[in-house]
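Bear in mind that the values here come from a model prediction, so they are computed numbers and not experimental data.
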Amino acid sequence: MNFDTLALRATHQPDSVTGSVVPPLYLSTTYARNEANELPADFLYTRPNNPTREALERALAMLEGGATGIAFGSGQAATMTLFQALSPGDHVLLSTDAYYGTPALLEQVFHPWGLTYTRVDMSDLDAVKASIHENTRVVWCETPSNPLLQITDLLLVSQMAHEAGAICVCDNTWATPVLQRPLDLNCDVVMHSTTKYLSGHSDVLGGALIFKHDNEFTQRVRQLQGLSGAVPSPFDCWLVSRGIKTLGVRVRAQSLTAQTIANFLADHPAVEQVHYPGLPTHQHYDLVQQQMNGPGAMLSVQVKGGAEEAIRFIGKLTLFTRATSLGGVESLIEHRASSEGPHSTTPKNLLRISVGLEHAEDLLDDLAQALK
Ligand code: PLP
């Protein structure tokens with residue numbers, strides 16, 4: 001089935017009782033038992049399970065081709081719960097370029113708790129191999145990575161993880177299942193910040209883990225979801241399910257515009273470097289053609305002249321909103337080092353762009369006038 005059909009099949013199920021074409025939103029926190037003290041549909045209390053959340057979890061599993069999906073109140077809550085399912089003494093391998101919140105969780109929460117971790121350039125396969133130890137339980141990939149858009153070879157890295165008895169997790173937030181399906185590339189778990197493309201309108205905070213197999217580890221994660229209560233509200237689940245219906249159309253249109261913008265910026269004399277996997281000059285351009293259905297709608301640009309020039313440039317833009325986050329219908333631009341804070345290793349002249357659904361010509365005009 002093509003992705004767009006799958007996305008509709010996954011989220012469009014008319015209600016069998018009322019015929020409602022749009023799925024109902026179940027706000028109730030608790031569920032009534034009948035005279036025999038039985039629960040009519042196995043729903044007891046909304047923290048461990050809720051029908052609107054379950055509908056989203058089923059849809060997420062279908063989109064990524066997994067056995068089961070587990071939804072959380074944020075991307076960070078999803079990541080946190082996966083690490084909580086490990087044991088003190090376990091080791092995690094993480095890419096050097098990754099969303100800064102992932103290493104922050106490992107360093108500030110899980111290191112004191114007894115997890116160890118190493119960061120490695122995931123494009124250096126010898127280094128990956130050398131960094132996998134006997135106690136490595138998770139190899140965590142993020143591809144394309146944040147904010148340098150580096151690409152990890154998921155087939156090869158997941159094979160290395162499996163040979164060592166570890167699982168391979170892929171943060172698929174930037175690619176989305178429209179452009180990349182890590183479980184088809186032998187990864188074991190997909191992580192999403194559903195805050196981004198899946199909801200798609202910058203109005204929901206959410207996260208998810210999708211598992212290839214429903215095994216003991218998966219059940220432990222589900223148990224932690226219910227115990228800790230790091231769950232999304234029913235309304236947020238409903239909004240993410242609604243966003244999924246248009247995911248394919250949005251991501252393809254946004255990616256086309258991103259490619260146009262990347263081409264324009266790459267040729268501009270005021271630009272030092274463009275990081276975009278759709279440019280033939282990208283280090284992993286060939287791998288992108290094999291692994292992805294398109295390079296996506298995120299790009300980073302380093303302008304000549306340092307941080308001051310970068311900030312002056314974005315100050316002159318009128319169609320790009322100067323804000324963090326990504327994946328919404330409106331174009332955003334941010335001076336990434338300012339968002340990441342004092343420990344940021346991101347180049348100071350780097351601006352991260354999330355391309356929205358505005359017309360490409362208007363966005364190009366805006367960039368051109370600001371770069372003058
Ligand atoms: N992973 C990636 C790639 C992200 O970009 C983000 C947020 O920007 C996260 C994870 C964390 O998600 P959330 O903000 O929903 O907790």
Side-chain angles (χ1 to χ4, degrees), residues 10-11 46-50 52-64 66-86 92 94 98-106 108-110 138 140-146 167 169-178 180-183 187-212 217-218 220-244 247 251 298 324-328 354:
T11 50
T46 201
R47 173 159 42 75
N49 55 8
N50 170 282
T52 310
R53 192 169 83 222
E54 279 195 10
L56 170 63
E57 290 176 335
R58 272 196 305 275
L60 290 166
M62 279 175 79
L63 294 191
E64 290 286 3
T68 188
I70 306 183
F72 294 90
S74 69
Q76 284 296 84
T79 304
M80 174 113 174
T81 309
L82 188 125
F83 291 147
Q84 277 173 334
L86 303 177
V92 175
L94 173 71
Y99 172 62
Y100 76 105
T102 311
L105 275 180
L106 286 168
Q108 293 168 38
V109 180
F110 289 99
V138 169
W140 185 285
C141 308
E142 183 183 309
T143 178
S145 65
N146 183 356
I167 60 168
V169 181
C170 178
D171 182 336
N172 204 29
T173 300
W174 280 30
T176 82
V178 182
Q180 175 173 274
R181 294 226 311 181
L183 302 184
C187 293
D188 304 277
V189 186
V190 165
M191 180 266 166
H192 275 290
S193 165
T194 57
T195 314
K196 318 296 184 202
Y197 291 101
L198 270 70
S199 56
H201 295 75
S202 308
D203 51 11
V204 181
L205 189 71
L209 295 171
I210 298 112
F211 293 80
K212 188 164 186 163
F217 185 71
T218 310
R220 174 71 177 147
V221 172
R222 192 173 281 290
Q223 181 190 38
L224 290 170
Q225 176 209 35
L227 278 176
S228 72
V231 290
S233 77
F235 186 49
D236 285 352
C237 293
W238 190 91
L239 283 173
V240 177
S241 293
R242 185 169 75 164
I244 287 171
L247 181 64
V251 167
M298 294 298 300
T324 193
S325 200
L326 59 118
S354 170

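The CH2 atom of Trp174 sits 7.0 Å away from atom OG of Ser145, with the distance rounded to the nearest 0.5 Å. A distance of 6.5 Å separates OG1 of Thr81 from CG of Leu224, quoted to the nearest 0.5 Å. Here the NZ atom belonging to Lys196 is positioned 12.0 Å from the CG atom belonging to Leu198, to the nearest 0.5 angstrom. In this structure, CD1 in Ile167 is found 12.5 Å from NZ in Lys212, a value given to the nearest 0.5 Å. Interatomic distance, CD of Gln180 versus CD of Glu64, reported as 8.5 Å (0.5 Å rounding). Residue Thr11 holds its OG1 atom at 8.0 Å from CG of Leu63, rounded to the nearest 0.5 Å.
Using modelled atom types, no side-chain atom of Thr68 and backbone atom of Phe211 make a donor-acceptor pair closer than 3.5 Å. Formation of a donor-acceptor pair under 3.5 Å by the Thr173 side chain with backbone atoms of Ser193 is found in this model. Of the possible donor and acceptor atoms, none in the side chain of Arg220 sits under 3.5 Å from a partner among the backbone N and O of Leu86. Although no hydrogens or angles enter the test, the distance criterion places a donor-acceptor pair under 3.5 Å between the side chain of Thr194 and the main chain of Gly207. Looking only at distances, a side-chain donor or acceptor of Gln76 sits under 3.5 Å from a matching main-chain atom of Gly101. In this structure a side-chain-to-backbone donor-acceptor pair under 3.5 Å is missing from Gln225 to Val231. The backbone N or O of Gly73 sits nowhere less than 3.5 Å from a side-chain atom of Asp236 that would complete a donor-acceptor pair.
Put simply, the side chain of Val190 does not reach to within 4.5 Å of the side chain of Leu60, judged on heavy atoms. Looking only at side-chain heavy atoms (C-beta outward), Thr218 and Leu209 stay at 4.5 Å or farther from each other. Within the 4.5 Å cutoff, side-chain heavy atoms of His192 are placed close to those of Pro177. Within the 4.5 Å cutoff, the side chain of Tyr197 has heavy atoms near those of the Leu326 side chain. Ser199 has its side chain out of reach of Leu239: every pair of non-hydrogen atoms, C-beta onward, lies at least 4.5 Å apart.
The shortest heavy-atom contact between Pro182 and Asn172 is CD-ND2, 3.4 Å. Ala61 and Gly69 get closest at one heavy-atom pair: CB-N, 3.8 Å. Ser202 approaches Gly328 most closely through the heavy-atom pair OG-CA, 3.7 Å. In plain terms, the two heavy atoms of Arg53 and Pro48 that are nearest each other are NH2-O, 2.9 Å. When every heavy atom of Val204 is checked against every heavy atom of Thr195, the shortest pair comes out as O-CG2, 3.1 Å.
Using the six-membered ring where Trp is involved, Trp140 and Phe83 have ring planes that are tilted, between 30° and 60° apart.
Partners of Arg222 under the salt bridge (charged side-chain N to carboxylate O under 4.0 Å, His left out) rule, at least two apart in sequence or in another chain, are Glu57.
Annotation: Arg47, atom CZ; neighbour count of heavy atoms from other residues, nucleotides and ligands within 6.0 Å is above 12.
Of the residues listed (Leu82, Val221, Leu205, Thr79), the one engaging Phe72 in a side-chain contact (heavy atoms from CB on, under 4.5 Å) is Val221, and it is the only one.
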